[in-house]
Amino acid sequence: LCLFCYASSFSCFVHNGISLRPFVGSVKKFCTRGVEIVAGLSVGVFCVQRLAVASADTLSRRGVRFALSQLLPVAGSALTDGIETVYACGKSLCGKMGVVCVLVLLAMFVFPCVLGFVLVTIFSLLSSVGQGLSVPLLSDFFIDVKDTFAMMTCFAVCSLVVLSAALLLLT
């Protein structure tokens, strides 16, 4: 998709008579909005799934605690305390692993996201310079390239949000 956008921007720059800007702009907006919607829905589904799993975990833990206390009246309370301790330790370990995984994921995505923001800013400034120098063809080319980098940055940020939410909610 990005190669298509770059090729159409370059063809509009080289052949002024051929203009695919409206079509490419629509494709970029459609893809960007689609990725944003999919990212939002994914995070929503992860949250609902996490709530369902948390409810089932709580219910099963209470069921095991009740069964142990009824079947083994004397030793049942000690066993349920031991199970609760193991559960709390496991939950703490999972939470720490989730945070470590998200930090690793953030380290992987920070460079592409920052680079995308920097390139969008640079091409915005270049298009402003092109407009100031009254070179609309060059200015339009820089706007097209800026929009493509903005779309790529949006994809990277949405991927980071979905993956980090998934990791945090699943751990």
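Along the sequence shown, the residues carry numbers beginning at 1.
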| Connected via hydrophobic side-chain network under 4.5 Å: Phe111 and Leu119 | yes
| Got Leu115 and Met152 here, is their nearest side-chain heavy-atom distance under 4.5 Å? | no
| query | Can you get from Val110 to Val118 by hopping between Ile, Leu, Val, Met, Phe, Trp and Tyr side chains that sit under 4.5 Å apart? | reply | yes
| Can you hop from Leu41 to Leu160 via hydrophobic side chains spaced under 4.5 Å? | no
| Of the non-hydrogen atoms in Val157 and Cys113, which two are nearest, and what is the gap between them? | CG2-SG, 3.8 Å
| To the nearest 0.5 Å, what is the distance between CG (Asp144) and OG (Ser139)? | 9.5 Å
| request: Locate the shortest heavy-atom distance separating Lys146 from Val120; write the atom from each residue and the value. | output: CG-O, 3.6 Å
| query | Same hydrophobic cluster for Ile37 and Leu163, using side-chain heavy-atom links shorter than 4.5 Å among ILVMFWY? | reply | no
| request: Taking all heavy atoms of Ser159 and all of Phe109, pick out the closest pair and write down the distance. | output: CB-CE2, 3.9 Å
| field | Parallel, tilted or perpendicular: ring planes of Phe142 versus Phe123, cut at 30 and 60 degrees | value | tilted
| field | Distance (rounded to the nearest 0.5 Å) between Asp147 CG and Cys154 SG | value | 12.0 Å
| query | Are Val114 and Val145 linked, directly or through other ILVMFWY residues, by side chains that come within less than 4.5 angstrom of each other? | reply | yes
| query | Is a donor on one side and an acceptor on the other found under 3.5 Å between the side chain of Thr121 and the backbone of Phe117? | reply | yes
| query | Rounded to the nearest 0.5 Å, what separation is found between the CD1 atom of Ile122 and the OG atom of Ser127? | reply | 12.0 Å
